[in-house]
Amino acid sequence: MYNKKLLIVPIVAASMVLATACGNSTTTTNSTNTTASESTNIAGRLNRSDVKTTQKLTNNSDGKHVIEVDNKSESYANTEVVKTGDSDGDEADFYGENSAIFATNGATLDLKDMIVDTNGTHANGVFSYGEGTTVNISDSYITTAGNCSGALMTTGGGTMNANNVTAETSGNSSATIRSDRGGGNVNVNKGYYKTTGTGSPAIYSTANITVSDAYLESTASQGVVVEGKNSVTLNNVTLNADNNKKNSDKSSYYQAVMIYQSMSGDASEGKSSFTMNGGTLTNANGDIFFVNNTSSDITLSKATITNNDANGVFLRAAAAGWGKEGSNGGKVNLRASNQTINGNMIVDDVSTLNLYLTDSSNYTGAINPDGQKGSVYVEVASGSTWTLTADSYVSSLTCDANSINLNGHKLYVNGVEYTSGTSSSGQAIEIQVASSSNNKKK
């Protein structure tokens, strides 16, 4: 907690900088104990009324910022920031135009006890742009109401560190934790992140994003999307996803986690990764994982994963509307350690799966129950098990004599029926990793 002396100095200095950067369109007023109606009550969630503010900064000009820090270090605390006004396209999404709070060109910006509200198109909340730029935000509350308006936004190699932040977005294409061209590094600890718009996952990653001990929820979109050669790591996170609206016509599937390559140039081609250590993932509609037009490592350890859609599968690696037809499937290494997995896995004829079950992992489900399609290797380490729920088809299998429970079904390995109670020795499938330099920096 800052004492009164520490609060006064940075706020006065910040106001002076703002007047220079934003001209007459930025206004400063006193503000005390801002409150608003509370939403979902989550244990430990920071509510708006928990943030005590002593001043209010506003800007209503299209394309402008309320706070802009360029190549210097600044600190703000106990401040309400309100941004209206619109922007469009790349200047906002890639380079930070029209965001409420913007740091760039190697700046360091420390934010504490902030309320940030935006209501405009392409009006991101807090934006870190460029290599060497770092934004640290804590104990703060962010809302965005317009389309294409993320809460925490990172591009161009910037860094975003967030601790105990509540962020809620209601527009389309408005992830709470969002990155775009050039990516960067995002570290989120604790907090509450919720989206209600179409095409608005809680996390959209074209960066390296790690979230720990936080609550994530999407009510119309995927919970997490990873694009290209980037990553998401969830440590002891609660993720609730309900993907029930389509943001494009490129795929007919719904899912909690989508890993793909759009080929737009916003994310380099290469192997992506999704890691979940502990925590819970609950899916309301469709599949748990969908991988297409990219290669990916999915690593799961001690996570509780529940699919409430009886027609959904655990993993779907398949072609969709992105990439070149015939080579745009999903190529996946799925590694499970001390993990329970329930649900089928579908691998189409242009896709690949290497499934590794280790450290007492248990998989209950069928792989390609409708017949052989893509290339699938399954390795079940001693002490782990696979229990079939339907006939299954794989290309290669490694297991000991006690690893496979046919459960009244048949398992075909490269077209040959597996005999219960026997060991098998197979070989993993090499996954080719595309490489390019699609990231462009202004």
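Values in this document were obtained by computation on a predicted structure and should not be read as measured data.
Aromatic ring pairs are classed by plane angle as parallel below 30°, tilted from 30° to 60° and perpendicular above 60°; the pair Y215 and Y192 is parallel. Ring-plane geometry between Y356 and Y377 is classed as perpendicular, the angle between the planes exceeding 60 degrees on a 0 to 90 degree scale with a lower cut at 30. Aromatic ring pairs are classed by plane angle as parallel below 30°, tilted from 30° to 60° and perpendicular above 60°; the pair Y412 and Y393 is parallel. Relative ring orientation between F102 and Y129 is described as parallel, the plane-to-plane angle staying below 30° on a 0-90° scale split at 30° and 60°.
By the neighbour-count criterion of 12 heavy atoms within 6.0 Å, atom CD of E417 is densely surrounded, having more than that number from other residues, nucleotides or ligands. More than 12 heavy atoms of other residues, nucleotides or ligands shown are found within 6.0 angstrom of NZ on K331. Heavy atoms from other residues, nucleotides or ligands lying under 6.0 Å from NZ of K190 number 12 at most.
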Worked verdict on S375 versus T352 for side-chain hydrogen bond (donor to acceptor under 3.5 Å, both in side chains): CA-CA 5 Å; S375 299; T352 301; 4.8 Å; no
Pair N208-S231, side-chain hydrogen bond (donor to acceptor under 3.5 Å, both in side chains): steps then yes or no: CA-CA 5 Å; N208 297 313; S231 68; 3.0 Å; yes
Pair N136-K112, side-chain hydrogen bond (donor to acceptor under 3.5 Å, both in side chains): steps then yes or no: CA-CA 8 Å; N136 303 306; K112 182 176 174 61; over 6 Å; no
Derivation of the side-chain hydrogen bond (donor to acceptor under 3.5 Å, both in side chains) call for T143 and D117: CA-CA 5 Å; T143 63; D117 294 320; 2.4 Å; yes
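At a threshold of 4.0 Å, the pair R178-D93 counts as salt-bridged, since one of the basic side-chain nitrogens sits closer than that to a carboxylate oxygen. Remark: K410 does not engage D391 in a salt bridge, criterion side-chain N to carboxylate O under 4.0 Å. In this structure, R48 does not pair ionically with E168, as no charged nitrogen and carboxylate oxygen lie closer than 4.0 Å.
Taking 4.5 Å as the limit, some side-chain heavy atom of S212 sits within range of a side-chain heavy atom of T210. Side-chain atoms of C399 and W386, non-hydrogen and from C-beta on, never get closer than 4.5 Å to each other. Side-chain contact check for L411 versus L406: some heavy-atom pair is nearer than 4.5 Å.
Checked by atom type and distance alone, the side chain of T294 never pairs as donor or acceptor with a backbone atom of N292 at under 3.5 Å. Between the S174 side chain and the T169 main chain, no donor and acceptor come within less than 3.5 Å of each other. The closest donor-acceptor contact from the side chain of D400 to the backbone of N402 lies under 3.5 Å. In terms of modelled atom types and a separation under 3.5 Å, the side chain of N240 and the main chain of E217 share no donor-acceptor contact. A donor-acceptor distance shorter than 3.5 angstrom exists from the side chain of T398 to the backbone of G426, with no hydrogens or angles considered. A donor-acceptor pair is defined here as one N or O able to donate and one able to accept, closer than 3.5 Å; no such pair exists between the side chain of N354 and the backbone of N333. N405 contributes a side-chain N or O that, together with a main-chain N or O of N407, makes up a donor-acceptor pair within less than 3.5 Å.
We find the CD-CG distance between Q261 and N293 to be 6.5 Å, quoted to the nearest 0.5 Å. Rounded to the nearest 0.5 angstrom, D88 CG and N147 CG are separated by 12.5 Å.
When each of L234, V332, N230, D297 is checked for a side-chain contact (heavy atoms from CB on, under 4.5 Å) with F274, only L234 meets the rule.
Stacking of K245 on the aromatic ring of Y254 is not recorded, the 6.0 Å distance cut-off and the 45° axial limit not both being met.
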